[in-house]
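Structure record follows, encoded as structure tokens.
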2 protein chains.
Amino acid sequence: MARTIDELAVLSGVSRATVSRVLNGGSVSAKTRSRVEAVLGETNYRPNLAARSLASGRSNVVGVVMHIDPHLLFQDPYFSQLLQGMSSALADRSAGMMLWLGNRSKEDTLGTILSMGLVDGVVVTANSLDDPLVDGLLASELPTVLVGHRKADRTASYVDVDGVHAADAMTTHLISIGRSRIGYITGMPRNVAAADRLAGYRQAMKRAGLSVADTIVEGDFNTPTGVTGAASLLDRGVDAIFCANDAMALGALETIRARGLRVPEDVALAGFDDLEFAARLDPPLTTVRQGVREQGAEAVRNLFELIEDRSRSPRRVLLPTELVIRQSTVGGGPRT
Amino acid sequence: MARTIDELAVLSGVSRATVSRVLNGGSVSAKTRSRVEAVLGETNYRPNLAARSLASGRSNVVGVVMHIDPHLLFQDPYFSQLLQGMSSALADRSAGMMLWLGNRSKEDTLGTILSMGLVDGVVVTANSLDDPLVDGLLASELPTVLVGHRKADRTASYVDVDGVHAADAMTTHLISIGRSRIGYITGMPRNVAAADRLAGYRQAMKRAGLSVADTIVEGDFNTPTGVTGAASLLDRGVDAIFCANDAMALGALETIRARGLRVPEDVALAGFDDLEFAARLDPPLTTVRQGVREQGAEAVRNLFELIEDRSRSPRRVLLPTELVIRQSTVGGGPRT
DNA sequence: CCAGAAATTGGGAGCGCTTCCAAAACCTAG
DNA sequence: CTAGGTTTTGGAAGCGCTCCCAATTTCTGG
């Protein structure tokens with residue numbers, strides 16, 4: 001029941017330094033190593049992280065900062081999935097995770113994180129176009145990887161999905177099934193993903209030579225704005241509605257049915273995210289699936305590369321998305 | 001830009017020990033204190049957590065362990081909310097959170113946590129009737145608070161909602177609206193909350209002198225078992241279905257409608273959890289609301305009391321629940 | 001069998017902080 | 001003005017570990 005490395009050293013008849021070497025994979029003769037490991041085995045010793053961290057300057061703990069609207073955090077599985085992905089990538093390297101959710105002022109959190117000297121790096125969700133926390137982190141010495149990205153972050157490492165491309169693809173799909181008056185309900189104005197998706201929509205519409213003069217209404221990613229947004233779009237006589245996320249598509253569907261219109265015959269409907277309920281809607285919702293778990297895992301891997309080689313140039317990763325076509329756009333389409 | 005306490009000491013012309021005292025609220029003369037604080041203000045020094053932790057044996061970081069079925073973690077906002085509650089209570093004491101999700105073997109995690117010497121205590125979700133991790137934690141020196149509880153944990157500190165009482169109340173409500181053949185779809189067999197809710201149901205049925213001979217079918221908290229469970233209950237001619245959670249109620253609703261039955265006229269339907277979508281179903285779902293956030297916050301507060309006074313006796317807290325009655329049981333009832 | 005190179009090992013100095021202890025400074029009252 | 005008590009302060013010893021450096025041991029080949 002040795003508690004410290006010194007006790008371990010005494011028990012195995014070598015110096016503290018040698019024990020440390022076998023613990024950390026230093027060069028030790030096979031004979032010595034096996035002797036120490038024997039003792040190690042029967043003593044269930046665990047190195048003290050604080051001491052190790054103080055001495056080595058590395059803790060094998062990474063920080064995760066999610067500054068996010070609590071309301072979204074609740075109902076959107078995005079964060080759970082992101083956490084899962086990160087958590088499992090972390091576990092692969094037996095590293096720990098310190099989590100901050102956004103309930104203090106951002107600057108405060110920033111200070112805390114930097115201070116601790118406790119994390120080797122940080123993964124931070126960058127979903128706002130201007131976020132002092134992200135700026136501060138990027139300006140600091142601390143290796144930082146963003147999940148999501150802002151146009152300005154050209155020099156930062158980030159992991160994101162290609163929202164522009166995905167929204168373009170969805171819009172193109174809508175066009176390909178013969179719709180031309182395609183309404184769009186946006187996400188929150190200052191949200192990066194929202195901006196990307198909108199850009200993708202505009203891009204596809206433009207390429208097809210379709211007007212977007214009065215086809216865009218502003219939403220905020222929540223269901224109620226889907227309800228109202230759809231109402232206003234229907235008044236303008238659209239034949240398809242593309243919502244920046246599934247939650248709003250849910251609202252839009254309510255409105256469409258309330259008016260006695262059929263989906264997709266009268267109005268095709270598409271969302272984004274492929275939340276759990278999307279496949280279960282009536283009709284099942286055409287949407288975009290993003291590998292959120294994978295995104296989290298990739299962010300962690302990215303971060304570790306940065307930690308291990310601080311001089312390495314930023315790595316920017318765009319993960320692919322998948323168009324999930326269901327009956328809300330293609331009536332007789334494939335069942336999911 | 002002092003980085004260490006020694007630099008700070010030099011800058012303010014006192015000893016390292018004195019700086020440490022003003023940092024930690026030791027007794028320092030007013031004059032000295034203000035001098036040091038002045039320096040402190042213009043230097044944005046942050047104590048190194050690892051060093052502090054090593055020297056003092058306390059880290060102001062608590063561990064949070066959520067060993068949970070990844071599938072549930074995804075779609076159930078329970079965990080997000082729990083995290084939120086804990087996170088905000090933690091922020092109130094400017095403490096940090098180390099998070100482990102359940103992706104390694106439990107024993108492994110346990111070892112890691114205990115080893116680190118890095119957390120002052122741990123909050124662990126105890127949702128399985130037999131969980132070696134929980135047993136190990138409780139047996140260890142580490143202050144531990146459970147969220148949820150097992151019958152066996154008489155001597156542990158925990159925070160839970162009174163699931164027995166809540167399920168009893170819901171069942172009683174169903175009875176009070178004139179139903180007598182009340183079917184019940186259970187949660188996962190070895191889950192504590194599931195067991196509690198089932199007990200509450202049985203208790204209420206027994207008190208009312210109603211038979212439960214063939215009214216209970218086994219579910220697993222997921223929607224599909226709600227679908228199948230409801231089918232089997234309807235075959236037995238029930239006039240109400242109480243599901244151990246909302247996700248299954250969702251499935252049950254599907255089945256009921258597929259058979260052309262009306263809710264609540266033909267079959268009353270009740271869930272448990274009051275998830276976001278519950279109020280939005282057609283008809284809105286009668287369910288039980290639990291203060292999950294509050295549960296998380298309370299768990300943290302509880303833990304801190306334990307940490308500050310290790311000799312204190314375990315504190316067991318049962319948080320109240322709220323019956324949310326909507327149209328799935330009372331057709332003309334209050335709109336929510 | 002021995003010099004020299006290579007591999008292994010132990011000694012010891014810190015990492016930045018808290019905290020015990022004793023010295024120094026300050027009060028009080030006689 | 002001084003003895004005795006009370007605060008306030010600084011010195012110094014660690015907390016458990018890593019890692020540099022030098023000493024020791026082991027291995028080469030001539």
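Because the structure is a prediction, the values reported are computed rather than measured. By convention in this document, chain letters (A, B, ...) are assigned in the order of the sequence lines, proteins followed by strands, and residues within each chain are numbered from 1.
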Rounded to the Å, how far apart are B:Arg46 CZ and C:dC15 P?
22 Å
Can you tell me how far P of D:dC17 sits from CG of A:Asp6, to the nearest Å?
7 Å
For DNA chain D, whose closest nucleotide is more 5', that of A:Arg21 or that of B:Val14?
B:Val14
Should B:Arg52 be listed as having a side-chain N or O under 4.0 Å from OP1 or OP2 of C:dT18?
yes
Pair A:Arg93 + A:Glu308: basic N to acidic O under 4.0 Å
yes
Looking at B:Thr18, does any N or O in its side chain come under 4.0 Å of the phosphate oxygens OP1/OP2 on D:dT9?
no
Between A:Ser20 and A:Asn24, do the side chains contain a donor N or O and an acceptor N or O under 3.5 Å apart?
yes
B:Arg3 atom CZ is separated from C:dG16 atom P, nearest whole Å, by 11 Å
Side-chain contact check for A:Pro47: nearest option of D:dC17, C:dG11, C:dC17 is D:dC17
Between the side chains of B:Arg293 and B:Gln81, is a donor N or O closer than 3.5 angstrom to an acceptor N or O?
no
Rounding to a whole Å, what distance do you find between B:Leu49:CG and C:dC15:C1'?
14 Å
Please compare B:Val19 and A:Gly13 by the position of their nearest nucleotide in DNA chain C and report the one closer to 5'.
A:Gly13
Check this for me, if you would: do B:Arg58 and B:Asp120 make a salt bridge, where the nitrogen-to-carboxylate-oxygen distance has to be below 4.0 angstrom?
no
Give the rounded distance in Å between these two atoms: CG of B:Leu54 and P of C:dG14.
17 Å
Between C:dT18 and B:Asn24, is there an OP1 or OP2 to side-chain N/O distance shorter than 4.0 Å?
yes
Taking 4.0 Å as the cut-off, does a side-chain nitrogen or oxygen of B:Arg58 come that near to OP1 or OP2 on C:dT19?
yes
Rounded to whole Å, the CD-P distance (A:Glu7 to D:dC15) equals 11 Å
One thing to verify: whether B:Arg301 and B:Glu305 come together as a salt bridge, which I'm taking to mean a side-chain N less than 4.0 angstrom from a carboxylate O.
no
C:dT8 P sits how many Å from A:Arg16 CZ, rounded?
21 Å
Assuming nearest nucleotide by heavy-atom distance, tell me which of A:Ser29 and A:Ala55 is located more 5' along DNA chain C.
A:Ser29
Below 4.0 Å: OP1/OP2 of C:dC17 and any side-chain N or O of B:Ser56:
no
N or O in side chain of A:Ser15 less than 4.0 angstrom from C:dG11 OP1/OP2
no
Give the rounded distance in Å between these two atoms: CD1 of A:Ile5 and P of C:dG12.
17 Å
